[in-house]
Engineer: 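Below is the structure I would like to discuss, written out as structure tokens.
FYI, side chains are in, hydrogens and waters are out, and symmetry mates aren't considered; it's all heavy atoms of this structure. Everything quoted here is computed from the prediction, not taken from an experiment. We name chains A, B, ... by the order of the sequence lines, and we start the count at 1 in each one.
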Amino acid sequence: MLRHLGQRLLTTIPTLVGVVVVTFLLTRILPGDPAAFFAGPTADPAAVEQIRVTLGLDKSLPEQFVAYVGDLLVGDLGVALSTGQPVVAEIAARLPASAELTLFGLILSVAVAVPLGILAAVRQGSWIDHLCRLLTTAGVSLPVFFTGLLFVYVFYFLLGVAPAPLGRIDLFASPPPHVTGFYLIDSLIAGDLETFRASFAQLILPGITLALFALAPIARMTRASMLSVLSSEFIRTARASGLAPGTVIVRYAFRNAMLPVITTLGMVFSFLLGANVLVEKVFAWPGIGSFAVEALIQSDYAPVQGFVLTMAILYVLLNLLIDLLYGLIDPRMRIEG
Amino acid sequence: MKTLDTASDTTGAASSLPAAAPRQRPSGFKAGLSHLGHVAGENPVTGFAFALFALIVLTALFGPMLAPYDPLATDTAAALQPPSALHWFGTDQVGRDIFSRVLVATRLDLTIAVASVALVFVMGGLVGIAAGYYGGWTDRIVGRISDTIMAFPLFVLAMGIVAALGNTVTNIVIATAIVNFPLYQRIARAEANVRRNAGFVQAARLTGNSEARILLTQILPNIMPIMMVQMSLTMGYAILNAAGLSFIGLGVTPPTAEWGIMVAEGAAFIISGEWWIALFPGLALMIAVFCFNLVGDGLRDLIDPQRRT
């Protein structure tokens, strides 16, 4: 197991190097002259030259790459022009908001998709199977920003049951004392049920929007994987031995069927992290996605690059986690490892 | 990655199947048509999807002619009107007719999707078959490039690419193509790899064809059906990706009519109850994506019965 862990960690290194190289290249193919851009429209050529030297843009590409990696190692991603703060600080302050939303969406979609997929496989051809097919087809066809807006219209404007889609907590409430940065957890730690309720109310619509989007691949994979496991011989044997149907499905089939689903989670995270940006924009969620979008509109590139890099590193780490989880669940990996 | 591997395994099995079961069949265009009729009859949803697809293509071609109003003409006296007999989909905040804008936008959205899918087909397809056919270092380098692209959440990478290359529609096409590259490259590689020593390839080699000629005249035509299915399956994703990028303000600039940016313009009015501005372009987008997904599934049934779900 430890050897497996070590080997898996080693394979992450080239991926991380690739990510850093790509992000570096993205910073260097900016349209126009970054030095002139940073100097502003009124700067004279000497000032531009001065900034070029300060930014290290007068050096060769390999030298610039070394400087870039050096900056990264000390956590320097540049300064956000709009706020004047270091990009790292800005992203760190906003990351919990994004993480809370993404995790909430993921948990919600797994909680719905896995039972749905299992039921669809067990009762193949029944109404629940059709519902599963409908939801998975709709899930991949619905633009996530459109579903979000539709929810806002129905639940905020028409029914009035949801709060205004303006951030993590309503304007008059104050956020709970900072412990984890997750409002739901922090408010529980503080024992403040009113704040918990308020932040949960804000979270529910964007959470469902994200969950609906992630539902499709998980439910589809659960159904397909359950179907193939249920038709295998060890299930027939278990049934023939007179085990209760529930035991056969949960203890025998489900445990085996979960492995491909966990592999799918990697792809689901890729979708979720991307969809997160759009959902944050729709619900004015103060996460790193909406931070990057605001920076993009103001042509402020350092935050965008910091955002892309952060997301990529997060995604690589999540994939690592999924693979390790896979090793923990599948006993065969332990022997081979 | 594991799912991709199993996918290529099944196609490998599928590709060897027709040879195992030779049957007398009418050949040519007529047979293809009757096969299409059979599949469409067996699954009415597929028939419906093909009809809808034809309708979308026609709208893209003739939309600007059919639109009752100029999609860019503003009329502040008639701003923010709900749907009526005069303006079927209502008007937006500056009085532009939303029905006309949705119709006209079809062409731009479809062009972006088709262009990016065509671009990634050429890039990913050619690079992929070269990697699968030659193997060795070519394969390793190409595989590494794909792995690196896959290490990013795809929409986030697309954002980064458009931000770096510049905020234009062309760059949206390029970014969408790049994020889809690994998918095409891997399928083309797997398909070319199982055929590199097939009998017909060895025969072509023995009769003195050059490697490049074998690649283009023997391997490429054989993997075309699978690639075509892949293209139609990713069309929906390409359109969603492009609309998502323009929703956050990348690529398409106002006042151009495009579904994503129109939903973004309508988003501000949802809270005050003006639902029609965002709803109709959003519905158009949804129907188009839904249709492309169904057509993709239908094409897969038509070409590759082994992978039917």
Engineer: Could you tell me which portion of A:Leu150 (side chain, backbone, both or neither) has an atom closer than 4.5 angstrom to a non-hydrogen atom of chain B?
Structural biologist: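 For A:Leu150, the side chain is the part near chain B, not the backbone.
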Engineer: To the closest 0.5 Å, what do you measure between OG (A:Ser141) and CD1 (B:Ile287)?
Structural biologist: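 With rounding to 0.5 Å, OG (A:Ser141) is 10.5 Å from CD1 (B:Ile287).
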Engineer: Pick whichever of A:Phe271, A:Phe269, A:Phe307 has the most heavy-atom pairs under 4.5 Å with chain B.
Structural biologist: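 The option with the most such pairs is A:Phe307.
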Engineer: Any side-chain heavy-atom pair from B:Phe152 and A:Val308 closer than 4.5 angstrom?
Structural biologist: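 Yes. Closest side-chain heavy atoms under 4.5 Å.
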Engineer: Please name the pair of heavy atoms, one in A:Val19 and one in B:Ala151, separated by the smallest distance, quoted to 0.1 Å.
Structural biologist: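 In terms of heavy atoms, the two residues are closest at CG2-CB, 3.8 Å.
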Engineer: Specify which of B:Cys291, B:Gly249, B:Ala267 makes the most heavy-atom pairs with chain A at under 4.5 Å.
Structural biologist: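 So the answer, after comparing B:Cys291, B:Gly249, B:Ala267, is B:Ala267.
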Engineer: Taking the side chain as every heavy atom from C-beta outward, state whether A:Leu296 and B:Leu250 have any atom pair closer than 4.5 Å.
Structural biologist: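 Yes; the side chains approach each other to less than 4.5 Å.
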Engineer: Looking at OH of A:Tyr315 and CG of B:Leu154, how far apart are the two atoms once the value is rounded to the nearest 0.5 Å?
Structural biologist: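 The CG atom of B:Leu154 is 6.5 Å from OH of A:Tyr315, to the nearest 0.5 Å.
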Engineer: State the CG-CZ distance between B:Leu285 and A:Phe145, to the nearest 0.5 angstrom.
Structural biologist: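 Here the interatomic distance stands at 5.0 Å.
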Engineer: Considering only heavy atoms, which portion of A:Tyr153 lies under 4.5 Å from any heavy atom of chain B: side chain, backbone, both, or neither?
Structural biologist: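 Both parts, backbone and side chain.
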Engineer: Can you give me the closest heavy-atom contact between B:Pro153 and A:Ala312, atom names plus distance?
Structural biologist: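 Distance-wise, the nearest heavy atoms are CD-CA, 4.0 Å.
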Engineer: Which of the residues A:Leu278, A:Leu272, A:Thr147 is involved in the greatest number of heavy-atom pairs with chain B at under 4.5 angstrom?
Structural biologist: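 Winner by heavy-atom pair count: A:Leu278.
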Engineer: Do B:Val156 and A:Asn276 have side chains that get closer than 4.5 Å, going by heavy atoms?
Structural biologist: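 No, too far: nothing below the 4.5 Å cut-off.
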Engineer: Please name the pair of heavy atoms, one in A:Lys281 and one in B:Ile248, separated by the smallest distance, quoted to 0.1 Å.
Structural biologist: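 Scanning both residues, the minimum pair turns out to be CE-CA, 3.9 Å.
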Engineer: Determine whether A:Ser270 and B:Met150 make a side-chain contact, defined as any pair of heavy atoms from C-beta on separated by less than 4.5 Å.
Structural biologist: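 They are not in contact (no side-chain heavy atoms under 4.5 Å apart), so the answer is no.
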Engineer: Contact between A:Thr15 and B:Thr148 at the side-chain level, heavy atoms closer than 4.5 Å - yes or no?
Structural biologist: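 Side-chain contact under 4.5 Å: no.
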Engineer: Hey, are the side chains of B:Trp275 and A:Val152 touching, using non-hydrogen atoms and a 4.5 Å cut-off?
Structural biologist: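 When only atoms from C-beta onward are counted, A:Val152 and B:Trp275 do not touch, as no gap falls below 4.5 Å.
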Engineer: Most heavy-atom pairs under 4.5 angstrom with chain B, which of A:Val304, A:Leu142, A:Leu318?
Structural biologist: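 The answer is A:Leu142.
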Engineer: List the steps and the verdict of side chain to side chain contact (heavy atoms under 4.5 Å, CB included) for B:Phe155 and A:Leu273.
Structural biologist: CA-CA 8 Å; B:Phe155 186 74; A:Leu273 293 178; over 6 Å; no
Engineer: Just give me the residue among B:Ala278, B:Gly236, B:Pro281, B:Gly244 that pairs up with chain A most often, heavy atom to heavy atom, under 4.5 Å.
Structural biologist: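 So the answer, after comparing B:Ala278, B:Gly236, B:Pro281, B:Gly244, is B:Gly244.
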Engineer: Against chain A, label B:Leu283 side chain, backbone, both or neither, depending on which of its atoms sit under 4.5 Å from a heavy atom there.
Structural biologist: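 Both the backbone and the side chain of B:Leu283 come within 4.5 Å of chain A.
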